[in-house]
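In what follows, a single structure is set out as structure tokens and then discussed.
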Amino acid sequence: MLPQIPGKNYPNEVCLNGEWMQPENARISVFDRGFMLGDALYEVIPFYDGKVFALEEHLDRLKYSLSQIRFDFEVEKLVPYILQAVKRSFFAEEDAAVYLQLSRGTAPRTHFFPKSSEPNFLVYSFPVKLKDFEEKSWRLLLAEDIRWHRCDIKTTSYLANTMLNDESHRLGLDETLLFRDGKITEGSHSTAFFVKENVIYTHPEGPEILSGITRKIVIDLCTELALDIREEAYSLKDFKHLDEVFLTGTTTQVMTISEIFTEKEKIFSRPEAGPITRKLQKAFKEKTRKSQA
Ligand code: PDD
């Protein structure tokens, strides 16, 4: 019997290297570089009402990650499997996401990148409740960002992210907000936005953060709505003047933050979403669900 987690399910089938099969039949070598060295990339792509959203942007980010780790792979090859993943599952008309992972493949273990290894790719879909996200709110733990200096690469090597996320999980909180050198970088699996005196701040793109697809969509929405958005890192010392906080991400969408804690004290409290968060949540819903107004 495989371990179970309440609310999380194993998919009924997965696509390994272009072939659909039951997960128990999906096998790769123990010498796969993703398994041995974390030499692998991933993406999570959302489907609203069975329709893929921002696929192009996710593929572009995968291409960027590939180029950064000197990994040649034709990303377009994955598109049919991504689309099939949702079609083949019973939730074709509902909200879902596709998990896509690509490792450099199998080769004798070396610290340099082997010249010829056959990449391994895995694709599967899972149902996810994307509706009514604006009715929820999250409570955060603030912690020091202990990750490496290439957070812009979407690698599966998420040990530091999971160590940090586990800290908030153990305290019954929802996500960990990270800081480095006195400035907020992002969440352990989300992008952070701060509102102070009607100005919205988020960390600029660069090696300190993952360039979130939802981040870009929300920045564009701010521009469309004539909101003052600045790609500047938010300082810890400005926390006392904070009006609103929200996090973004593919399954997180635009999440209201109600409380932020350090190990010692509560440093932010706003039980209800603020007006700017609400405006962006509404615009985000309209963008992702074209038929909904
Ligand atoms: N996480 N920052 C980090 C560190 C992330 O892992 C993620 C996404 C984001 C948001 O990126 P996007 O808007 O493209 O989803 C920011 C994914 C969803 C995950 O690990 O499941």
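Please read all numbers here as calculations on a predicted model, not as lab measurements. Every number for a ligand or one of its atoms is a count from 1 in the order of the listing. Residue numbers count from 1 along this sequence.
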What I want to know is whether G187 and ligand 1 share at least one N or O pair that is separated by under 3.5 angstrom. no
What atoms of ligand 1 come within less than 4.0 Å of a heavy atom belonging to T191? 10 (C), 16 (C)
If the cut-off is 4.0 Å to any non-hydrogen atom of V44, which atoms of ligand 1 fall inside it? 21 (O)
Rounded at 0.5 Å granularity, tell me how far CG in L66 sits from CG in L102. 5.5 Å
Could you check atom 13 (O) of ligand 1 against the protein and tell me its nearest heavy-atom contact, residue, atom and distance included? T214 OG1, 2.5 Å
Identity of the nearest option to atom 12 (P) of ligand 1, non-hydrogen atoms only, from T250, T162, I45: T250
Just which atoms of ligand 1 are under 4.0 Å from any heavy atom in G249? 10 (C), 13 (O), 15 (O)
Are the side chain of E167 and the backbone N or O of A143 linked by a donor-acceptor pair below 3.5 Å? no
Shortest protein heavy-atom distance from atom 6 (O) of ligand 1, along with the residue and atom involved: Y158 OH, 2.6 Å
Which residue holds the protein heavy atom closest to atom 19 (C) of ligand 1, what is that atom called, and what is the gap in Å? Y42 OH, 3.4 Å
Among all protein heavy atoms in this structure, tell me which lies nearest to atom 11 (O) of ligand 1, with the distance rounded to 0.1 Å. G212 CA, 3.5 Å
Rounded to the nearest 0.5 Å, what separates atom OG1 in T191 from atom CE in M255? 13.0 Å
Are the aromatic rings of Y10 and F126 close, with centres under 6.0 Å apart? no
Quick one: nearest non-hydrogen protein atom to atom 7 (C) of ligand 1, plus distance? H189 O, 3.3 Å
N/O of N161 under 3.5 Å from N/O of ligand 1, yes or no? no
Among non-hydrogen protein atoms, atom 2 (N) of ligand 1 lies closest to E186 OE1, 2.7 Å
Should you measure from each heavy atom of K154, which atoms of ligand 1 turn up under 4.0 Å away? 1 (N), 6 (O), 8 (C), 17 (C)
Using a heavy-atom cut-off of under 4.0 Å, does the side chain or the backbone of C151 touch ligand 1, or both, or neither? neither
Does one side chain, of T185 or D145, offer a donor that lies under 3.5 Å from an acceptor on the other? yes
Should you measure from each heavy atom of R147, which atoms of ligand 1 turn up under 4.0 Å away? 4 (C)
Does R104 qualify as a cation-pi partner of F113, given the criterion of NZ or CZ under 6.0 Å from the six-membered ring centre and within 45 degrees of its axis? yes
Applying a strict 4.0 Å limit to heavy atoms, is S188 in contact with ligand 1? yes
Ligand 1 versus E43, non-hydrogen atoms closer than 4.0 Å: side chain, backbone, both, neither? neither
Applying a strict 4.0 Å limit to heavy atoms, is R61 in contact with ligand 1? yes
Assert yes or no for the condition that the ring centre distance of Y234 to F193 is strictly below 6.0 Å. no
Within the 3.5 Å criterion, strictly below it, is a donor on S168 or T176 matched to an acceptor on the partner's side chain? yes
Taking atom types as modelled, is there a side-chain donor on N165 or E175 under 3.5 Å from an acceptor on the other? yes
Take R33 and T110 through the test side chain to side chain donor-acceptor pair (under 3.5 Å) and record every step on the way to the result. CA-CA 9 Å; R33 290 181 60 90; T110 57; 3.3 Å; yes
Counting distance only, does the side-chain N/O of T202 pair as donor-acceptor with the main-chain N or O of A192 below 3.5 Å? yes
